[in-house]
Amino acid sequence: MTITIVGHGYVGLVSACCFADFGNEVYVIGHTPSKIERLKNGDPLIYEPGLKELLEKNIKANRLHFTLEYPEAVSKSEIVFITVGTPPKENGEADLEMVFDVGKQIAKNLKKKFTVISCKSTVPVGTNKQIEKILNENRPVGVEIAVASCPEFLREGSGLHDTFFADRVVIGSYSQKAINLLLELHEPITGKKVITDLASAELIKYASNSVLAMKISFANLISFYCEKAGGDVETVLDAVGFDKRIGRVFMDPGVGYGGSCFPKDVRALTSTGNLLGINTSLLQATEDINQEARMNFLNKIIKYSGGKTIGVWGLAFKPNTDDIRFAPSIDILHALLDKGYAVKVYDQEAFGNVKKIFGDKLIYSKDPYEAATGCDAIAILTDWNEFKHIDLDKIKSIMKKPVIIDGRNIYLPEVMKKLGFTYYSTGRVPVTQ
Ligand code: UDX
C-alpha cells in the first residue's frame with residue numbers, strides 16, 4: 001500500500017517508520033526544508049530509542065521518502081494521515097489551525113479515484129466532521145474521499161514498541177471502504193481492533209489520556225494525605241492496586257505528570273466539556289492536583305535543602321526522551337532561579353532543549369556525580385535508570401550535605417537510612433539521621 005503521513009513529530013515519524021517496516025511505501029511531508037534534509041539523511045530529529053535504526057533501515061530499503069511537496073505524495077496514496085500538532089491555546093482549547101490547513105493542502109492535491117484521509121492528531125470531538133467539510137470544499141471534482149479518525153496511543157520513549165504491539169487500534173469512520181483499507185494497513189498489529197464512529201474515536205483518545213492523568217493525580221492526592229497524617233503511599237497504593245478492578249499501573253506518585261499530551265489533553269477535554277455544558281470539575285481537579293504536586297516538591301527543596309546550591313537530576317518529563325514540554329522541571333527550575341539558588345543540572349538527553357529556555361542560567365554537568373558535587377541537596381525530577389544504579393556512597397562523599405529530595409520515589413527509605421542520607425521522598429516517612 002502507498003500512504004502519506006503529514007507531520008514528522010513523535011506520532012508521524014514513528015508511524016511512518018513502522019508502516020514502512022511492514023513493507024508499505026510511505027511518504028512523509030514536512031514544511032521545513034532543513035528538517036526534511038536531515039530526515040532524508042537518517043536523522044530522526046527527536047530522541048526515541050530504536051527510531052534512528054528503523055529510519056535508516058527503511059530509507060535504505062527505499063520505502064520511506066521525505067518531501068516538502070504534497071502533489072508527489074498525496075496523488076499516489078490510498079491513505080493520507082494527518083499527524084500535525086494541536087497545541088493548547090491560552091484558554092486550553094486545542095489549536096486546530098495546522099490540522100485544517102493541512103486538510104486543505106491534501107484536498108487540493110488529491111488525484112486518486114478514492115482516498116482515505118485519517119486524522120491521527122489528537123483533536124476534539126467533532127473535528128473530523130470539520131475536516132471532512134474542508135476536504136469536500138477543496139477537492140477536485142470527480143475524486144472521492146472518506147475521513148477516518150485513527151488516534152494514536154504511543155508513549156514517548158517506547159513509541160516503537162507501543163506501535164508494533166499496540167493494545168488496540170481504533171478506527172472511527174462512516175465509510176466501510178475506509179475501514180477496510182485501514183484494517184488492511186494495521187493488519188500486522190495484533191492488538192484489539194475497535195471499529196466505531198468518528199465522535200467515539202475522537203473521544204476514546206481524550207478519555208484514555210484523561211483517565212491516566214486522573215490516576216496519577218489520585219496517587220498524588222493520597223501522597224498528600226500520607227505526608228500530613230502519616231502512612232506510606234507506596235504501601236497504600238500497592239494494597240489498593242491488588243484489587244483487580246483498580247490495578248497498580250500508572251499510579252506512581254511524585255512530582256506529577258508533564259509532556260506534550262496529558263497536560264494539554266486534560267485541558268482540551270475540560271474546554272470541550274465547558275462548551276457542551278458538562279460539569280468538568282473532575283478534570284479541573286486532576287490538573288490542579290498535578291500543579292500542587294509540583295509546588296509540594298518545590299516547597300520540600302526550599303524547606304529541607306538548608307543551603308542555596310541544588311543539584312537537579314533529570315529534566316525530561318520522563319525517562320528515555322529528550323522532551324521537556326510541560327515538564328515539572330521547567331516550573332521548578334524557574335522558581336529556584338527566581339529565589340537565587342545556584343542550580344547544577346544533569347540529564348542524559350534533555351540538555352539541548354533545556355538550553356533553549358534557560359541558556360547559561362544553569363550549571364550543566366557532564367554526569368550525575370558532577371551535578372552532586374558541593375551541593376546542599378539533590379532534587380530528583382526524572383526516574384532515569386541511571387539514577388537507580390548510582391554509587392550512592394560516592395554521591396554522599398562529594399556533596400556538601402547528604403540530602404536527597406526525590407520526586408519519583410526511586411530509592412528505599414531503609415536503604416537511604418543505612419547509607420546515612422537525609423531523604424525526603426513523596427508520601428513516605430522522611431529519613432533523617
Ligand atoms: C501519554 C500516554 O501514555 C500515551 O498513551 C499517549 O499516546 C500520549 O500521552 P507520554 O506523554 O509519552 O504518553 O508519557 P507517559 O508515559 O504516559 O507519562 C506521562 C507523564 O506522567 C510523565 O511525566 C510521567 O513521569 C508521569 N507519570 C506516569 C507519573 O507521574 N506517574 C505514573 O504512574 C505514570
Side-chain angles (χ1 to χ4, degrees), residues 9-12 14-15 46-49 51 83 85-86 94 120-123 150-163 165-170 191 201-202 204-223 233-234 237-238 240-241 246-269 286-287 289-294 296-297 313-332 347 349-350 380-385 387 406-410 425-427:
Y10 282 93
V11 172
V14 170
S15 305
I46 47 171
Y47 174 73
E48 181 65 32
L51 188 58
T83 71
T86 52
K120 271 193 180 289
S121 303
T122 303
V123 293
C150 211
E152 177 51 62
F153 302 95
L154 65 83
R155 289 165 297 176
E156 288 179 26
S158 52
L160 297 182
H161 176 272
D162 289 354
T163 307
F165 305 102
D167 291 336
R168 78 293 212 192
V169 171
V170 174
E202 291 167 331
I204 287 167
K205 177 63 197 255
Y206 281 104
S208 301
N209 275 357
S210 297
V211 81
L212 291 169
M214 269 167 47
K215 283 186 92 172
I216 298 167
S217 280
F218 187 80
N220 281 325
L221 179 66
I222 298 302
S223 80
V233 74
E234 300 292 348
L237 294 173
D238 283 349
V240 167
I246 302 170
R248 178 65 168 89
V249 280
F250 253 79
M251 285 212 296
D252 291 330
V255 71
Y257 60 78
S260 67
C261 294
F262 289 170
K264 157 177 96 66
D265 293 350
V266 171
R267 288 189 74 198
L269 191 61
T286 301
E287 195 187 332
I289 293 169
N290 194 49
Q291 201 53 31
E292 254 177 75
R294 291 180 184 193
N296 184 39
F297 186 75
W313 285 356
L315 304 168
F317 82 99
K318 66 173 201 172
N320 298 321
T321 178
D322 62 354
D323 197 344
I324 56 161
R325 284 176 290 174
F326 298 97
S329 63
I330 299 179
D331 284 352
I332 287 164
D347 187 288
E349 293 297 336
I380 302 175
L381 293 183
T382 317
D383 41 342
W384 283 100
N385 268 337
F387 307 142
D406 182 356
R408 298 291 179 185
N409 284 2
I410 64 177
S425 52
T426 305

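This structure is a prediction, so every number in the text was calculated from the model and none was measured. Note that the numbering runs from 1 along the sequence shown for the chain. Both ligands and their constituent atoms are indexed starting at 1 by order of listing.
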Residue-ligand contact Cys261/ligand 1, heavy atom below 4.0 Å: yes
Numbered atoms of ligand 1 (with element) below 4.0 Å of Met251, judged on heavy atoms: 33 (O)
Arg155 and Glu48 ion-paired at < 4.0 Å: no
Option set Lys264, Lys318, Lys205, criterion heavy-atom distance to atom 10 (P) of ligand 1, minimum: Lys318
Side chains of Thr122 and Lys205, donor plus acceptor under 3.5 Å: yes
Ligand 1 to Gly258 polar contact by distance, N or O atoms, under 3.5 Å: yes
Heteroatom distance test (Leu154, ligand 1): nitrogen or oxygen, under 3.5 angstrom: yes
Side-chain donor-acceptor pair present, Glu292, Asn220, cut-off under 3.5 Å: no
Aromatic plane relationship, Phe262 with Phe250 - under 30° parallel, 30 to 60° tilted, over 60° perpendicular: perpendicular
Donor-acceptor side-chain pairing of Lys264 and Thr86 below 3.5 angstrom: yes
Atom 3 (O) of ligand 1 - nearest protein heavy atom and its distance: Arg155 CG, 3.2 Å
Where ligand 1 meets Glu152 - atom numbers and elements under 4.0 angstrom, heavy-atom basis: 7 (O)
Electrostatic pair Glu287-Arg267, nearest N-O below 4.0 angstrom: yes
Any N or O of Phe262 closer than 3.5 Å to N or O of ligand 1: no
Identity of the nearest option to atom 17 (O) of ligand 1, non-hydrogen atoms only, from Tyr257, Phe250, Phe153: Phe250
Enclosure of Asp238 CG (heavy-atom neighbours >12, cutoff 6.0 Å): yes
Cationic tip of Arg325 above Phe317 ring, under 6.0 Å, 45° of axis: no
Residues Arg408, Asp252: salt bridge by 4.0 Å N-O rule: no
Nearest neighbour in protein (non-hydrogen) for atom 29 (C) of ligand 1: Ile216 CD1, 3.6 Å
Atom 31 (N) of ligand 1: nearest protein contact (heavy atom, Å): Asp252 O, 2.9 Å
Polar atom proximity, Arg408 to ligand 1 (N or O, under 3.5 Å): yes
Nitrogen or oxygen atoms of Glu156 and ligand 1 under 3.5 Å apart: yes
Nearest protein heavy atom with distance in Å, relative to atom 11 (O) of ligand 1: Phe317 CE1, 3.5 Å
